[in-house]
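The structure under discussion appears below in the form of C-alpha cells.
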Amino acid sequence: MTVVGAGLAGLSAAVALVRAGIPVAVAEAAPRAGGRCRSYHDPQLGLTIDNGNHLVLSGNQAVARFRAAVGAAPPLAGPDEAAFAFRDLTNGESWTVRINAGPIPWWVLSPGRRLPGSQLSEYLSLARLLAARDGRIDAHVATDGAVWTRFAQPVLLAALNTAPAEASARLAANLFRETLVKGGGAMQPRIAEPTLAAAFVDPAVDWLAAERQPVTFNRRLHGIGFQDDRVVSLDWGRGPEAIGDAEAVILAVPSWAATALVPGLQAPDEFRAIVNAHFAVPAPAGAPAMLGLIGGTAEWLFAFPDRISVTVSAADRLVDIDRETLARQFWADISVAYGIDAPMPRWQIVKEKRATFAATPEQEAKRPPTATRWRNLFLAGDWTATGLPATIEGALRSGETAARLAAGAALG
C-alpha cells in the first residue's frame with residue numbers, strides 16, 4: 001500500500017493500515033512530516049514554534065484514537081472545563097463562557113456561566129442552526145446581538161476559517177452536533193504543548209519507524225498512470241514505476257496537488273488565509289491558555305511557557321501587510337489584553353495564504369468523496385468530504401476512512 005503525503009491525513013491512514021497488518025510505503029515531498037501542522041526551530045526567535053496554533057476539542061474522537069494508537073505521551077494542554085475567556089479591547093471588559101459538562105445546556109441560564117447581559121432568546125436563535133442542511137449560516141440565524149458577536153462568531157470563525165455569516169450552515173451544524181450539543185465534556189479546548197510535532201507528528205513518525213514502515217522524505221509524486229479502472233503506475237521523477245494488481249494508493253496531498261495529479265477531479269479551489277505571530281516572551285502569570293479578543297487585529301492569544309502566540313483566521317486582508325507592521329499591531333493588542341508595558345520582544349510572523357478551503361456552501365459542494373472512479377485510488381485530507389470543516393479532527397478522520405476503504409479494496 002502506498003500513502004502519498006505525511007501530513008496528518010497521510011499519517012492517520014498509514015497508522016490505521018499498519019495496525020490492520022497491511023505494510024505501507026509512505027512518501028513525503030517535504031523534508032519533514034506534518035504538512036500544515038508542522039513545528040520547526042525559528043532562529044529569529046531562538047525557539048521551536050508551530051507554523052500555526054491548531055486547536056482541538058476534548059470531544060474529537062479521531063484525535064483521541066490517533067494519539068492513543070501512536071503512544072503520544074505529552075498531554076494536550078487546556079482547562080478542566082469548557083471555558084472560553086474573552087476580552088474586549090475597545091472597553092476593557094472581560095468575560096468567560098463556561099459550558100456545563102452534560103448535554104442539558106443549563107449554562108445558558110446561569111449568570112456565572114453565560115455571556116454577561118445575554119438573553120435566553122439569543123441562544124435559542126443560535127440553536128436553529130442545528131436544523132440547517134444547506135445554505136449560508138446567515139440564512140438560518142441572526143448574525144447580530146451579544147451572543148453572536150461576543151461568542152458564536154469568534155468561535156465559528158476559528159473553526160471554519162471563513163467569515164461565519166457566509167459560511168456553510170451544514171458544516172457549522174455538524175460541528176455543533178459533535179461538540180456543543182454534547183455539552184462541555186466535548187467542548188474543552190485542547191492545545192498542543194509544547195508543539196504540534198510533539199503532540200501529533202513525531203509520535204506517529206516514530207511509531208511507523210518502530211513498526212519498520214518509515215516515512216521516506218523528499219520524495220515527490222510527479223505523475224500517476226491510469227488504465228481502465230485502476231492506477232497502474234506512479235512516477236516519482238524517474239519515469240513510471242508499475243504497482244502490483246493488489247496494491248492501492250492513498251493520495252493525502254493538498255487539494256491543488258491532487259487535482260494536478262488526478263484527471264477530472266473536482267475539489268475546493270477557493271481558500272482562506274491564516275496569519276500567526278509568535279513573540280519570545282512568556283504570558284503574564286495567571287493568563288488563560290487561550291484568550292479571545294474582540295475589537296483588535298489579533299483574534300486569539302495562546303499563552304505558552306516560552307512565548308505568546310497570535311492567530312487570525314480568514315486573514316486574507318492581512319497577508320499583504322508588511323510583517324513588522326503586523327507584529328507591532330499584534331503586540332499593541334497583546335499589551336492591552338495582558339496589561340503589559342514593555343517594548344516588543346523578538347517576533348516572527350507566519351502567513352499561510354492557502355491555509356484551508358473556504359468553508360462556503362459552494363466550496364463544500366466541491367469536496368470529493370474518499371473513493372474515486374479508480375478502484376485502487378483513494379483520497380485523504382481535510383478538504384475531502386468529511387462533513388467537518390478543515391480541522392485536525394477532519395484530517396485524521398479522512399485518513400481512517402481512506403485506510404478502511406483501501407484495505408477493503410486490497411483484500412477484495
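In this structure, a donor-acceptor pair under 3.5 Å is present between the side chains of Asn276 and Thr311. Under 3.5 Å, the side chains of Glu81 and Asn100 contain no donor-acceptor pair of N or O atoms. For the residue pair Ser94 / Arg87, a side-chain donor-acceptor distance below 3.5 Å is found, with atom types taken as modelled.
Remark: Arg307 CZ to His278 NE2 distance equals 7.0 Å, nearest 0.5 Å. For the atom pair Asn161 CG and Thr391 OG1, the distance stands at 11.5 Å (nearest 0.5 Å). With values rounded to the nearest 0.5 angstrom, Met1 atom CE is found 5.0 Å from Leu17 atom CG.
Between the side chain of Asp333 and the main chain of Gly296, no donor-acceptor pair closer than 3.5 Å is present.
Taking the charged nitrogens against the carboxylate oxygens, Glu122 and Arg114 have no contact shorter than 4.0 Å, which rules out a salt bridge.
The side-chain heavy atoms of Leu171 and Arg367, taken from C-beta on, include a pair separated by under 4.5 Å.
Heavy atoms only, all atoms of each residue included: Val319 and Ala273 are closest at CG1-CB, 3.5 Å. Nearest approach of Ala163 to Ala314, heavy atoms of both residues: N-CB, 4.2 Å. Across Ala172 and Leu129, no two heavy atoms sit closer than the pair CB-CD2, 3.7 Å. Listed here is the closest heavy atom pair of Ala197 and Ser39: N-OG, 2.9 Å.
For the ring pair (Phe, Tyr, Trp, His ring centres under 6.0 Å) test with Phe279, the passing option among Trp331, Phe330, Trp347 is Trp331; the others fail.
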Tell me, with the steps shown, if Glu178 and Arg397 meet salt bridge (Lys or Arg N to Asp or Glu O under 4.0 Å).
CA-CA 13 Å; Glu178 294 200 6; Arg397 193 176 299 183; 2.9 Å; yes
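For CZ of Arg323, the number of neighbouring non-hydrogen atoms (other residues, nucleotides, ligands) closer than 6.0 Å is greater than 12. Annotation for Arg19: atom CZ does not count as buried by contact number, only 12 or fewer foreign heavy atoms lying within 6.0 Å.
Between Tyr123 and Trp107, the gap from one ring centroid to the other is short of 6.0 Å. Ring-centre distance between Phe271 and Trp256: below the 6.0 Å cut-off.
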